[in-house]
> 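Sharing a structure, written as structure tokens. Questions coming.
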Amino acid sequence: MTAARCPVSHTFDAMGDDYFRDPALAFANVRDEMPTFFYPYLNAWVVTAKADCEYVLSDWKKFSSGDKGASIEVPEQFQHIVPQELIAKILVGSDPTGHTLSRSVAGRAFVKPRMDALQPVIEERAHRIVDSFAAEGSTNLMEAYCLELTTQTFMALAGLDHEAEPMMRQLRDDQFAILASALEPMEEPRRSEVWGRYAEAQTYLRGIVHERIENPGDDLISEMAGVRDREGAMVLSPEQIAVHVGEFSGAATDTTAQAMANAVLFLTANPEALEAAMADPQLWPRVFDETVRRRPSGTATRWAKEDVILGGAEIKKGDVVWLGLASANTDASYYDRPFDFDIHRADVGDHLAFSKGRHTCLGQPLARVQGATGLKVLFERLPSLRADADTPLDFVQMALLPIRRTLPVHWDVTDAARARELI
């Protein structure tokens, strides 16, 4: 049952077109009047001010992530494969000490020097993907390039064979639906379908983990499986490693793909920024960071562990807090011209798109390298590429994780051929 809370915004709608079109503007329409307000659809408080969001993200004892894992209900028929206590160990839904241990193990595969070393590989992969559609003159960039690049990179990072790619692509979507189900319950038959596929994927991944225990390689799964305690026992069980690989299947692919697609939209609307980045490739990392500042790909939720006042609202112990990161990143108290897309701003990396505190995104080094490299190659090869004038609002309908599925783009194939000759 939805709790009675005040204030409530009667205009904010995270399932409406305005929100899918531009979350930051949707938040801004209510932020000044109600910095924190109750949103009945999610039975959650929405926090919009940057200072309040940072406060919540920085204090895990007052604002828990652990209740998220506990709030994800595994259907009874799948609990013999995915026990409730196992799903509660997901990284984004756990608190110390369990979260600290899992993060320390998983984080070994995402250290910045290792991710930076992937840049030439990502660049070569990006060129091959562009080769596959450059002569067409138009495409759905989300599927043809953004998701293709990030998925291929993740498959290589995890050391997974090409045969597993369809399953991992589906796992990516199912993982987001399961995470969102902590606040957005799934209805049947979709609920059983999603969990059935998830259980099958987990069984497959556990088999891979056992293979890597016997024959380790230089990959993400081997890295996690090889971490041992002082007695020589695995720090994380094969089952828990498989759960984390499932998390990474979405976090390491879709969020960066969303950011690249959003960058194309911003660059189409701001040709001076595109011209500057094409003239100076050192600016592509700034393009990526300004994109995720202006429109983060992820979100954050917490559960209050005590009564607290945020933005004038009285939040009670046990209440859910949804952090409007897109709002925090465009808070006029912190940013000059917050809604402008400005790749030259001095504080371009000062944002909450990758969260903050103990739950700062593990994969941000990979996201930044891959996002900047993917955009650089895309516009080097297709310099006239622009988003179509009427971009459809084709999103997976989830308030917490709106996932774009379609981005139609076009370019001049003559310019594309000429650019290819210069490489």
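Excluded from the calculations below are hydrogen atoms, water molecules and symmetry mates; all remaining heavy atoms, backbone and side chain alike, are included.
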> Examine the side chains of R302 and S65 and answer whether a donor and an acceptor come within less than 3.5 Å of each other.
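Result is yes, a qualifying pair exists.
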> Answer yes if the side chains of T301 and K68 hold a donor-acceptor pair under 3.5 Å, and no otherwise.
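Note: T301 and K68 side chains meet the donor-acceptor criterion.
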> Taking the six-membered ring where the residue is Trp, are the ring centres of F78 and W195 under 6.0 Å apart?
no
> Verify the neighbour count for atom CG of D280: are there more than 12 heavy atoms of other residues, nucleotides or ligands below 6.0 Å?
yes
> Would you confirm whether the ring centroid of Y55 sits within less than 6.0 angstrom of the ring centroid of F63?
yes
> Judged by modelled atom types alone, do N215 and E211 share a side-chain donor-acceptor pair under 3.5 Å?
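Absent: no donor and acceptor within the cut-off.
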> State which residue, out of T330, D22, N262, D340, fulfils the side chain to side chain donor-acceptor pair (under 3.5 Å) condition with R294.
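The side chain to side chain donor-acceptor pair (under 3.5 Å) with R294 is passed solely by D22 among T330, D22, N262, D340.
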> With a 3.5 Å cut-off and no angle check, do the side chains of W60 and D95 form a donor-acceptor pair?
no
> Does one side chain, of R172 or T253, offer a donor that lies under 3.5 Å from an acceptor on the other?
no
> Give the intermediate values and the outcome of salt bridge (charged side-chain N to carboxylate O under 4.0 Å, His left out) for residues D289 and R368.
CA-CA 8 Å; D289 258 297; R368 283 186 158 112; 2.8 Å; yes
> Under the salt bridge (charged side-chain N to carboxylate O under 4.0 Å, His left out) criterion, do K50 and D350 qualify, and how do the steps go?
CA-CA 11 Å; K50 186 179 183 185; D350 176 23; 3.1 Å; yes
> Could you give the distance from SG (C361) to CG (L352), rounded to the nearest 0.5 Å?
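Separation between the atoms: 13.0 Å.
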> Looking at E193, I'd like to know if its CD atom is crowded, meaning that more than 12 non-hydrogen atoms belonging to other residues, nucleotides or ligands lie closer than 6.0 Å.
yes
> Under 4.0 Å between a side-chain nitrogen and a carboxylate oxygen: does that hold for D67 and K305?
yes
> With P238, which of V209, L205, I221, I208 fulfils side-chain contact (heavy atoms from CB on, under 4.5 Å)?
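With P238 as partner, side-chain contact (heavy atoms from CB on, under 4.5 Å) holds for just one option, V209.
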> Side chains of Q364 and T360: any donor to acceptor distance under 3.5 Å?
no
> Could you please spell out the steps behind the salt bridge (charged side-chain N to carboxylate O under 4.0 Å, His left out) verdict for E247 and K89?
CA-CA 11 Å; E247 290 186 83; K89 293 180 179 179; over 6 Å; no
> Could you measure the distance from the NE2 atom of H344 to the CG atom of L283? Nearest 0.5 Å is fine.
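So the gap between those two atoms works out to 5.5 Å.
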> Please check: side-chain N/O of R386 versus main-chain N/O of V264, any donor-acceptor pairing under 3.5 Å?
no
> Between E184 and L42, is there a donor-acceptor pair closer than 3.5 Å when you use the side chain of the first and the backbone of the second?
no
> Return the CD to OH distance between E200 and Y198, rounded to the nearest 0.5 Å.
13.5 Å
> For Y19 and D13, run side-chain contact (heavy atoms from CB on, under 4.5 Å): C-alpha distance rounded to whole Å, both residues' side-chain angles, the deciding distance at 0.1 Å, then the answer.
CA-CA 7 Å; Y19 181 79; D13 180 10; over 6 Å; no
> With a sphere of 6.0 Å drawn around CD of Q77, does it hold more than 12 non-hydrogen atoms of other residues, nucleotides or ligands?
yes
> With a 6.0 Å cut-off on ring centres, are F248 and F154 close enough?
no
> CG/L160 to OG1/T151 distance, rounded to the nearest 0.5 angstrom?
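Separation between the atoms: 11.5 Å.
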> Under the side chain to side chain donor-acceptor pair (under 3.5 Å) test, which residues partner Q175, sequence neighbours left out?
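If we apply the side chain to side chain donor-acceptor pair (under 3.5 Å) test to Q175, skipping adjacent residues, there are no hits.
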> Please walk me through it: do S297 and T256 pass side-chain contact (heavy atoms from CB on, under 4.5 Å)?
CA-CA 7 Å; S297 297; T256 303; over 6 Å; no
> Closer than 4.0 angstrom, basic N to acidic O: yes or no for E148 and R125?
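Here E148 does not pair with R125 in a salt bridge, since their nearest N and O are not under 4.0 Å apart.
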> Verify whether one side chain among R381 and H127 offers a donor that lies under 3.5 Å from an acceptor in the other.
yes
> Looking just at side-chain N and O atoms, do W322 and T299 make a donor-acceptor pair shorter than 3.5 Å?
yes
> For residues Q370 and T153, is any side-chain donor paired with an opposing acceptor at under 3.5 Å?
yes
> Mind running side-chain contact (heavy atoms from CB on, under 4.5 Å) on R191 and E73 for me, showing each step along the way?
CA-CA 10 Å; R191 180 170 181 261; E73 183 180 347; 3.8 Å; yes
> Looking at CZ of R21 and OG1 of T391, how far apart are the two atoms once the value is rounded to the nearest 0.5 Å?
10.5 Å
> Can a salt bridge be assigned to the pair E239 and R206 using a cut-off of 4.0 Å between side-chain N and carboxylate O?
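Salt bridge flag = no for R206 with E239.
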